[in-house]
2 protein chains.
Amino acid sequence: MSLEHAILGFLNYEPMTGYELKKIFDQSIKHFWPAKQSHIYRVLPQMEEKGWLTVEVIQQDTRPARKVYHLTERGRAELQAWLAADQPPSETRLAWLIQLFFAGQLSDEVVLGLLEHQASLIRHRLQRLGGIPAESSQQMDGSETPRDRFYWMLTVDYGVASAIAQLRWLEEVIARIRRSQYELPTIG
Amino acid sequence: MSLEHAILGFLNYEPMTGYELKKIFDQSIKHFWPAKQSHIYRVLPQMEEKGWLTVEVIQQDTRPARKVYHLTERGRAELQAWLAADQPPSETRLAWLIQLFFAGQLSDEVVLGLLEHQASLIRHRLQRLGGIPAESSQQMDGSETPRDRFYWMLTVDYGVASAIAQLRWLEEVIARIRRSQYELPTIG
DNA sequence: CCGATCATGTAAGTGGTTACATGATTAT
DNA sequence: ATAATCATGTAACCACTTACATGATCGG
């Protein structure tokens, strides 16, 4: 249950509300683990029942009460164990590869459109990823160690490296199809 | 609904049973769109209700009746439309990147173990992908055109190219951590 | 005046997994 | 003997998404 463990990770920095968790998700790990507001809110009480969290309710006038979630000892132990545990291989589902797989039934025009679309999606992702370091250095409150930041930036770098490789592949295949060069690529 | 459209794609080659669909999934698109037997069986009657398929029931002694699914005109049209339609960006969830993100709380030993594990998973995937062209040339029945085969092999090549890039990244990061070289990587 | 920010949730639906159930036939 | 192949499914569960609901405050 990765969502829950990501939440544990953030609450280990400092106690937070669901609202704040949603924000920090979007600012940091969204690019490899997006989370919806409703999902976060639904999972927090479950984590409390498991004894990983405790809630501190802070009443407010005019606004709903803040529910600040704190990590318990058991929560901290759970996090530590999960962080070190080997994860099963993450399987990636790529619908556009299904399209490519059946592209024999399409004209070159349409296939090219499909690949160009994919390339443009990746270019946008690269742009977003490129913006992260700048954004982050502003919004960081300094509570993170340089080592924390190093690993954060590694996750961004991984995204960038994969995206660049995928983009290069797409551009090469597009060029090849434009030249009507249908030899099978050399593999392995 | 990509599962359903992948099924349409295969049934456009020739009519098949759920059992045969499961086999062909495993032999071809499993590496980017795995499907469970139970899921395929559940979705077929739904596709029939939508008017995309018709069933031909072939009674057998000793075995359950074969239910051979045929594509209808509407099914064929649906497939054609979907194949040419821009897909929304496919979001990839990588639990091990959550681990890496919070790796500041772990020792170098443990982080290295995590990265090595990831590298070994990718090496295995590369091996499996490398085996596909050989397997496929045997099991193909020749009904596929060379163009069909070209696109099939492209999906494999994409998997290989991405995997190699990810593996290189991992190996470089592992080496850097071994040298205790914690400078931030240069991005963008 | 309008949109963003703060702050909480619930309900229904979707796409997929896990586990269960049956049973003859053929190949090793 | 034993495992693989053929051939069908169902039920319960899980992670996640979509859509809905409320409402004050603050900055442009």
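Excluded from the calculations below are hydrogen atoms, water molecules and symmetry mates; all remaining heavy atoms, backbone and side chain alike, are included. Below, read A as the first sequence line, B as the second, and so on, with proteins coming before strands; counting in each chain starts at 1.
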**Q** List, one per line, each side-chain donor-acceptor pair under 3.5 Å for residues 75-84 of chain A, sequence neighbours excluded.
**A**
residue : atom : partner : partner atom : Å
A:R76   : NE   : A:N12   : OD1          : 3.1
A:R76   : NH1  : A:E73   : OE2          : 3.1
A:E78   : OE2  : A:H5    : NE2          : 2.8
A:Q80   : NE2  : B:Q105  : O            : 3.0
A:W82   : NE1  : A:Q87   : OE1          : 3.4

**Q** More 5' along DNA chain C: B:S2 or A:E20, using each one's nearest nucleotide?
**A** A:E20

**Q** Which nucleotide, C:dG15, D:dA7, C:dT18, lies nearest any side-chain atom of B:H39?
**A**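 In terms of side-chain proximity for B:H39, the closest of C:dG15, D:dA7, C:dT18 is C:dG15.
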
**Q** Rounding to a whole Å, what distance do you find between A:R42:CZ and D:dC16:C1'?
**A**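 Going from CZ in A:R42 over to C1' in D:dC16 covers 8 Å.
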
**Q** Tell me whether the side-chain N/O atoms of A:K67 come closer than 4.0 Å to OP1 or OP2 in C:dG9.
**A**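 Checking C:dG9 against A:K67, a side-chain N or O does come within under 4.0 Å of OP1 or OP2.
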
**Q** With hydrogens left out and only the distance checked, is there a donor-acceptor pair under 3.5 Å joining B:Q46's side chain and the base of C:dT14?
**A** no

**Q** Respond yes when some side-chain nitrogen or oxygen of B:T62 is under 4.0 Å from OP1 or OP2 of C:dG23, and no when none is.
**A**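 Looking at the OP1 and OP2 atoms of C:dG23, neither is under 4.0 Å from any side-chain N or O of B:T62.
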
**Q** Assign each of B:R93 and B:Y69 to its nearest nucleotide of DNA chain D by heavy atoms, then name whichever residue's nucleotide is nearer the 5' end.
**A** B:Y69

**Q** If you take atom types as modelled and just measure distance, does the side chain of B:Q60 reach the base of D:dT8 with a donor-acceptor pair under 3.5 Å?
**A**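 Flag unset: no donor-acceptor pair detected.
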
**Q** Among C:dG16, C:dT18, D:dT17, which is the nearest nucleotide to the side chain of A:K36?
**A** D:dT17

**Q** Look at A:Y41 and C:dT8 and indicate whether a side-chain polar atom (N or O) is within less than 4.0 Å of OP1 or OP2.
**A**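 Checking C:dT8 against A:Y41, a side-chain N or O does come within under 4.0 Å of OP1 or OP2.
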
**Q** What's the spacing between B:R125 CZ and A:E91 CD if we round to 0.5 Å?
**A** 11.0 Å

**Q** In whole angstrom, give the distance that lies between atom NZ of B:K22 and atom P of C:dG16.
**A** 13 Å

**Q** Which of these nucleotides, C:dC6, C:dG9, D:dT8, is closest to any side-chain atom of A:Q37?
**A** C:dG9

**Q** Please determine whether any donor N or O and acceptor N or O are separated by less than 3.5 Å between the side chain of A:S38 and the base of D:dT18.
**A**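 Pair found.
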
**Q** Starting at CD of A:E48 and ending at P of C:dT8, how long is that distance when rounded to a whole Å?
**A** 13 Å

**Q** Could you go through A:Y19 and A:Y41, starting from their C-alpha distance and side-chain angles, then the distance that decides it, and tell me whether this counts as ring-ring contact (aromatic ring centres under 6.0 Å, His included)?
**A** CA-CA 8 Å; A:Y19 186 83; A:Y41 275 106; 8.2 Å; no

**Q** When the distance from CZ of B:R63 to P of D:dT5 is rounded to whole Å, what number comes out?
**A** 12 Å

**Q** Could you grab the distance from atom OG of B:S2 to atom CZ of B:F32, nearest 0.5 Å is fine?
**A**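 Atom-to-atom, B:S2:OG and B:F32:CZ are 10.5 Å apart.
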
**Q** Answer yes when B:E172 and B:R176 have at least one side-chain N-carboxylate O distance shorter than 4.0 Å, and no when they do not.
**A** yes

**Q** Please report the distance, rounded to the nearest Å, between CG in A:L94 and P in C:dG15.
**A**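 Between P of C:dG15 and CG of A:L94: 17 Å.
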
**Q** At 4.0 Å (heavy atoms only), tell me whether A:A65 reaches a base, stays on the sugar-phosphate, or touches nothing.
**A** sugar-phosphate

**Q** Could you tell me how far apart B:D26 (CG) and D:dA4 (C1') are, to the nearest whole angstrom?
**A**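 One finds 15 Å between C1' of D:dA4 and CG of B:D26, rounded.
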
**Q** How many angstroms lie between CH2 in B:W152 and CZ in A:F102, if you round to the nearest 0.5 Å?
**A** 10.5 Å

**Q** What integer distance in Å separates B:E56:CD from D:dA7:P?
**A**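 In whole Å, D:dA7 P lies 13 Å from B:E56 CD.
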
**Q** For C:dT5, does OP1 or OP2 lie under 4.0 Å from any side-chain N or O of A:K23?
**A** no

**Q** Check every strand shown and say whether B:E4 touches a base, only sugar-phosphate, or nothing at a heavy-atom separation below 4.0 Å.
**A**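 It contacts nothing in the nucleic acid.
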
**Q** Using whole Å, report how far CD of B:Q59 lies from C1' of D:dA7.
**A**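 Distance check: B:Q59 CD to D:dA7 C1' gives 12 Å.
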
